[in-house]
Amino acid sequence: MKHSIYLSGLPVGKFLLIFENFPSVNLNKGFLNGNRAFPTFEDVKERKTTALLAIKVDYDDEEIDFEEIISAFCKELENGLEDSCEVPYIKKLIAYDDIYFGIIAKSFIDEHNYKSLGISIEKMCNFFPYKD
């Protein structure tokens, strides 16, 4: 079955590297949970919206497990790559559109001692694809 999860906290290029060899994963960069529809990168960078720069990860759970995605994300943060993302429009975040996946993400972070990474887990309210 097809699902989506939304991640923020790393530069887009790092997300591409993390997931390039994952089967049936499609990435879309965009803006998450903002207070304005269809923001531009300049709007987000200048904080004219509350949106965060994020990646939408579409995947097929028959080919890859949700926890594999979360694990790869957490390992990159743990390796210290988050230091290059100290900007206000990127936040260490896992956003879900189904509460079930929010619960799994929280449990995974708790069970694998990733609490110290400071990852927020929030409901996805909106996502607008980035237009180049």
Side-chain angles (χ1 to χ4, degrees):
M1 184 177 216
K2 304 253 184 216
H3 297 285
S4 299
I5 192 75
Y6 305 82
L7 304 172
S8 181
L10 293 168
V12 172
K14 295 296 180 190
F15 281 115
L16 297 175
L17 290 173
I18 293 169
F19 296 114
E20 70 183 352
N21 295 319
F22 278 50
S24 299
V25 168
N26 185 38
L27 303 178
N28 295 292
K29 60 184 176 179
F31 307 107
L32 179 70
N33 290 354
N35 59 351
R36 288 179 51 190
F38 306 103
T40 65
F41 181 75
E42 288 72 32
D43 291 338
V44 174
K45 188 175 176 182
E46 294 171 10
R47 304 309 301 147
K48 294 179 181 176
T49 176
T50 57
L52 299 171
L53 188 59
I55 294 291
K56 178 183 179 191
V57 181
D58 296 316
Y59 67 98
D60 185 335
D61 68 358
E62 292 179 10
E63 297 194 35
I64 188 164
D65 186 63
F66 173 79
E67 289 186 354
E68 289 178 74
I69 294 170
I70 300 304
S71 177
F73 174 62
C74 290
K75 285 177 183 174
E76 285 298 318
L77 291 174
E78 191 174 52
N79 286 334
L81 296 175
E82 79 278 12
D83 294 342
S84 62
C85 270
E86 295 301 323
V87 293
Y89 50 88
I90 298 178
K91 169 182 169 182
K92 291 180 263 185
L93 173 72
I94 299 169
Y96 58 88
D97 53 10
D98 180 330
I99 188 67
Y100 172 76
F101 293 107
I103 292 167
I104 291 174
K106 169 101 173 73
S107 295
F108 182 86
I109 287 172
D110 291 349
E111 290 172 16
H112 293 86
N113 298 317
Y114 287 127
K115 287 183 193 180
S116 64
L117 295 175
I119 301 169
S120 298
I121 301 172
E122 300 174 7
K123 177 155 180 44
M124 186 279 298
C125 298
N126 56 54
F127 181 82
F128 296 100
Y130 179 81
K131 303 212 187 295
D132 292 322

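Position 1 is the first residue of the sequence, and the numbers go up from there.
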**Student:** Residues in salt bridge (Lys or Arg N to Asp or Glu O under 4.0 Å) with Asp98, at least two apart?
**Tutor:** none

**Student:** Using the six-membered ring wherever Trp is involved, compare the ring planes of His112 and Tyr114 and label them parallel, tilted or perpendicular (cut-offs 30° and 60°).
**Tutor:** parallel

**Student:** For Ala95 and Leu32, which heavy atoms make the closest approach, and how far apart are they?
**Tutor:** CB-CD2, 3.7 Å

**Student:** Using a 3.5 Å cut-off and no angle test, enumerate the donor-acceptor pairs between side-chain atoms of residues 101-111 and protein atoms at least two apart in sequence or in another chain.
**Tutor:**
unit_1 : atom_1 : unit_2 : atom_2 : d
Lys106 : NZ     : Asp110 : OD1    : 3.3
Lys106 : NZ     : Asp110 : OD2    : 2.7
Ser107 : OG     : Ile103 : O      : 3.1

**Student:** If you look only at pairs with a residue in residues 16-25, which of them pass as a salt bridge (charged side-chain N to carboxylate O under 4.0 Å, His left out), with sequence neighbours excluded?
**Tutor:** none

**Student:** Give me the ring orientation class for Tyr130 and Phe41: parallel if the planes are under 30° apart, tilted from 30 to 60°, perpendicular past 60°.
**Tutor:** perpendicular

**Student:** Are side-chain heavy atoms of Val57 and Phe15 found at a separation under 4.5 Å?
**Tutor:** no

**Student:** Ile5 and Phe66: which non-hydrogen atoms are nearest, and at how many Å?
**Tutor:** CD1-CE1, 3.4 Å

**Student:** Could you pull out all residues at least two apart from Asp43 that satisfy side chain to side chain contact (heavy atoms under 4.5 Å, CB included)?
**Tutor:** Arg36, Pro39, Thr40, Lys48, Thr49

**Student:** Tell me every residue that passes side chain to side chain contact (heavy atoms under 4.5 Å, CB included) with Asp60, counting only those two or more places apart in sequence or in another chain.
**Tutor:** Lys2, Ser24, Glu62, Glu63

**Student:** How long is the span from the CG atom in Leu10 to the CD atom in Glu76, to the nearest 0.5 Å?
**Tutor:** 6.5 Å

**Student:** Please enumerate all residues that pass salt bridge (Lys or Arg N to Asp or Glu O under 4.0 Å) together with Lys29, with sequence neighbours excluded.
**Tutor:** Asp132

**Student:** Which atoms form the tightest heavy-atom contact between Ala54 and Phe127, and what is the distance?
**Tutor:** O-CE1, 4.2 Å

**Student:** Any chance you could measure Cys125, atom SG, to Asn35, atom CG, to the nearest 0.5 Å?
**Tutor:** 11.5 Å

**Student:** Just verifying a value: how many Å separate Leu77 CG and Lys14 NZ, rounded to the nearest 0.5 Å?
**Tutor:** 12.0 Å

**Student:** Other than Phe38, what residues sit in its cluster of Ile, Leu, Val, Met, Phe, Trp and Tyr side chains whose heavy atoms are under 4.5 Å apart, directly or through others?
**Tutor:** Phe128

**Student:** Could you go through the side chain to side chain contact (heavy atoms under 4.5 Å, CB included) check for Leu52 and Asn33 one step at a time?
**Tutor:** CA-CA 7 Å; Leu52 299 171; Asn33 290 354; 5.9 Å; no

**Student:** Which residues pass the side chain to side chain contact (heavy atoms under 4.5 Å, CB included) test with Asn21, not counting sequence neighbours?
**Tutor:** none

**Student:** Do you know which two heavy atoms are closest between Ile64 and Ile69, and how far apart they sit?
**Tutor:** CD1-CG1, 4.2 Å

**Student:** Do Leu117 and Ile94 sit in the same hydrophobic cluster, where Ile, Leu, Val, Met, Phe, Trp and Tyr count as joined when their side-chain heavy atoms come under 4.5 Å apart?
**Tutor:** yes

**Student:** Considering only residues two or more places apart or on different chains, which pairs with a residue in residues 120-129 satisfy side chain to side chain donor-acceptor pair (under 3.5 Å)?
**Tutor:** Lys91-Glu122

**Student:** Could you report the tightest heavy-atom contact between Met1 and Asp61, atom names first, then the distance?
**Tutor:** N-OD1, 2.7 Å

**Student:** Does some side-chain heavy atom of Ile121 sit less than 4.5 Å from a side-chain heavy atom of Tyr96?
**Tutor:** yes

**Student:** Considering residues at least two apart in sequence or located in another chain, which fulfil the side chain to side chain contact (heavy atoms under 4.5 Å, CB included) criterion with Asp97?
**Tutor:** Ser4, Tyr6, Met124

**Student:** Atom CD1 of Ile55 and atom CG of Leu27: how far apart are they, to the nearest 0.5 Å?
**Tutor:** 6.0 Å

**Student:** Check whether Leu17 and Ile70 end up in the same hydrophobic cluster, where Ile, Leu, Val, Met, Phe, Trp and Tyr are linked by side-chain heavy atoms less than 4.5 Å apart.
**Tutor:** no

